[in-house]
Amino acid sequence: MSIDKSQQRDELLKTVRDALRRAERYYARTRRWDTLLLVISIICGALATVLAGGTVIGGNRALEAVGGWRILCSIVALLSASGTVAGALHKSFQITTHLSSAEQCVAQLRALDAAIAASDLPTDNALETFQRISEEHAACLA
């Protein structure tokens, strides 16, 4: 029993839309991590600088307000370490690269979805395009 062209197109459209939903979820998750790690890195670095610099400018009164030099150094060290770790994680996990790939994947799947839905693309060509997108952006569709 053979499947007619309309049924093939409908199945392919369903597959593409499922993949698009997975890619959009992956993009949203990756975007959150990108933003979170960058914000942590920036804020921790800035706070460490302000605390250290502020006590230098404010002198003993500022140092006493913080609780002494040991507490100040501990806070500055913790903030600096947190900012450094967040920046290193962002870089080592290549979040920017993954985010860019996810954006491309979502855009390509949306275009394919529109082309299939409008019946502008033969099913064989659409399937080839979907396979190429799936291979290029496998991490987004896992």
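Taking all atoms of both residues into account, the shortest heavy-atom contact from Ala48 to Ser80 is CB-OG, 3.6 Å. Closest heavy-atom contact between Trp33 and Ile95: CB-CD1, 4.1 Å. Nearest heavy atoms, Phe93 versus His98: O-CD2, 3.1 Å. Across all non-hydrogen atoms, the minimal contact from Ala23 to Cys105 is CB-SG, 3.9 Å.
Applying the salt bridge (charged side-chain N to carboxylate O under 4.0 Å, His left out) criterion to Arg17, with sequence neighbours excluded, gives Asp113. Residues passing the side chain to side chain donor-acceptor pair (under 3.5 Å) test with Arg21 are Asp18, sequence neighbours excluded. Val85 pairs by the side chain to side chain contact (heavy atoms under 4.5 Å, CB included) definition with Leu89, not counting sequence neighbours. Asp34 meets the salt bridge (charged side-chain N to carboxylate O under 4.0 Å, His left out) test with no other residue; sequence neighbours excluded. Qualifying salt bridge (charged side-chain N to carboxylate O under 4.0 Å, His left out) partners for Glu64, counting only residues two or more places apart in sequence or in other chains: none. Residues passing the side chain to side chain contact (heavy atoms under 4.5 Å, CB included) test with Leu47 are Ile43, Leu79, sequence neighbours excluded. Partners of Arg110 by side chain to side chain donor-acceptor pair (under 3.5 Å), not counting sequence neighbours, listed by chain and number: Glu24. For Glu136, the side chain to side chain contact (heavy atoms under 4.5 Å, CB included) test picks out Gln108, Arg132, with sequence neighbours left out. Taking the side chain to side chain contact (heavy atoms under 4.5 Å, CB included) definition, one finds that Thr84 meets it with nothing, sequence neighbours left out. For Ser101, the side chain to side chain donor-acceptor pair (under 3.5 Å) criterion is met by His137, not counting sequence neighbours.
Between atom OG1 of residue Thr15 and atom CD of residue Glu11 there is a gap of 6.0 Å, rounded to the nearest 0.5 Å. Distance check, rounded to the nearest 0.5 Å: OG of Ser119 to CZ of Arg9 gives 4.0 Å. With rounding to the nearest 0.5 angstrom, the NZ atom of Lys91 is 14.5 Å from the CG atom of Leu37.
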For a quick test of your reading: what N or O donor-acceptor pairs under 3.5 Å do the side chains of residues 51-61 make, sequence neighbours left out?
unit_1 : atom_1 : unit_2 : atom_2 : d
Thr55  : OG1    : Leu51  : O      : 3.1
Thr55  : OG1    : Ala52  : O      : 2.9

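Taking Ile, Leu, Val, Met, Phe, Trp and Tyr as hydrophobic and joining them when side-chain heavy atoms fall under 4.5 Å apart, one finds Ile116 in a cluster with Leu12, Leu13, Val16, Leu20, Tyr27, Leu99, Val106, Leu109, Leu112, Leu121, Leu127, Phe130, Ile133, Leu141.
Criterion: ILVMFWY side-chain heavy atoms under 4.5 Å apart, direct or through other members. Under it, Trp69 and Ile75 are part of a common hydrophobic cluster.
The backbone N or O of Arg70 lies less than 3.5 Å from a partner atom in the side chain of Ser74, making a donor-acceptor pair.
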